[in-house]
Amino acid sequence: GQNIDQPTEMTATEGAIVQINCTYQTSGFNGLFWYQQHAGEAPTFLSYNVLDGLEEKGRFSSFLSRSKGYSYLLLKELQMKDSASYLCAVRDGDYKLSFGAGTTVTVRA
Amino acid sequence: IAGITQAPTSQILAAGRRMTLRCTQDMRHNAMYWYRQDLGLGLRLIHYSNTAGTTGKGEVPDGYSVSRANTDDFPLTLASAVPSQTSVYFCASSEGTGAYEQYFGPGTRLTVT
């Protein structure tokens, strides 16, 4: 089976930076995804990493280290609308996605 | 363009009843997936289909069946519902099984009593 770990909850102040860590152990590796999910809604795609390094997309950046089985999602200049769950998902050797339980981020004024 | 639609939005079902959750996509995606999401457990793959006419088992397939008669539709059937199948069910699709993001439907909230 797959093992994907991420913190359960994080709280930060509007305008600040938050880093959500994700560690994984999977059977094979074909990329790591981050999804955002607002309460009561469907997950939406944020980022994809398949090679080591940092991918930047506006206020959001995602980092991957395949040798360490580690990724993080960096949210900069936090806004109230960023309050949501952030899901780390790893595509294994059979191209199936396994999800972590998600990290609920609360942004406070 | 609707993307992915799911029906019903929510349902309360008596244990032992049969239920089909519907999923339709209009993006002509080859691959489709069914997940269930439970508090503290995240999304878990139930069944998947890499292309029309083929299906496969995911992490938690027991008690569920699927069919993929065409590209657009991917229904999920619970033959005899049990309370442990109370969950939020998400259908998703992707262009293919390679390096493609998955697009999720709005979900079906199912309660089995």
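Below, read A as the first sequence line, B as the second, and so on, with proteins coming before strands; counting in each chain starts at 1. Everything numeric in this text was worked out from a predicted model, so none of it was measured. Computed from heavy atoms alone, side chains included, the values below leave out hydrogens, waters and symmetry copies.
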Verify same cluster id: [X], [Y] (apolar side-chain graph, 4.5 Å):
X: A:Leu74; Y: A:Leu78; result: no
X: B:Leu43; Y: B:Val60; result: no
X: A:Leu32; Y: A:Leu51; result: no
X: A:Val90; Y: A:Phe33; result: no
X: A:Leu64; Y: A:Leu75; result: yes

Atom CZ of B:Arg109 with >12 non-hydrogen neighbours under 6.0 angstrom: no
Taking atom CD of A:Gln79 as the centre, report whether more than 12 heavy atoms of other residues, nucleotides or ligands fall under 6.0 Å from it. yes
Using the ring-ring contact (aromatic ring centres under 6.0 Å, His included) rule, take A:Phe45 and B:Tyr103 through it: C-alpha gap first, then chi angles, then the decisive distance, then the call. CA-CA 7 Å; A:Phe45 170 78; B:Tyr103 296 82; 8.0 Å; no
Mind checking whether A:Gln37 and B:Gln37 have side chains closer than 4.5 Å, heavy atoms only? yes
Looking only at A:Gly102, A:Ser85, A:Pro43, the option with the highest number of non-hydrogen pairs under 4.5 Å against chain B is A:Pro43
Less than 4.5 Å to any heavy atom of chain B: does that hold for the side chain of A:Leu97, its backbone, both, or neither? both
Heavy-atom closest contact ([X] atom, [Y] atom, distance):
X: A:Ala101; Y: B:Gly40; result: CB-O, 3.6 Å
X: A:Tyr95; Y: B:Thr97; result: CD2-O, 2.9 Å
X: A:Ala42; Y: B:Pro106; result: CB-CA, 4.2 Å

Working to the nearest 0.5 angstrom, can you tell me the gap between A:Ser98 OG and B:Leu45 CG? 8.0 Å
What's the verdict on side-chain contact (heavy atoms from CB on, under 4.5 Å) for B:Glu101 and A:Tyr35, showing C-alpha distance, side-chain angles and the deciding distance? CA-CA 10 Å; B:Glu101 65 179 277; A:Tyr35 282 81; 4.2 Å; yes
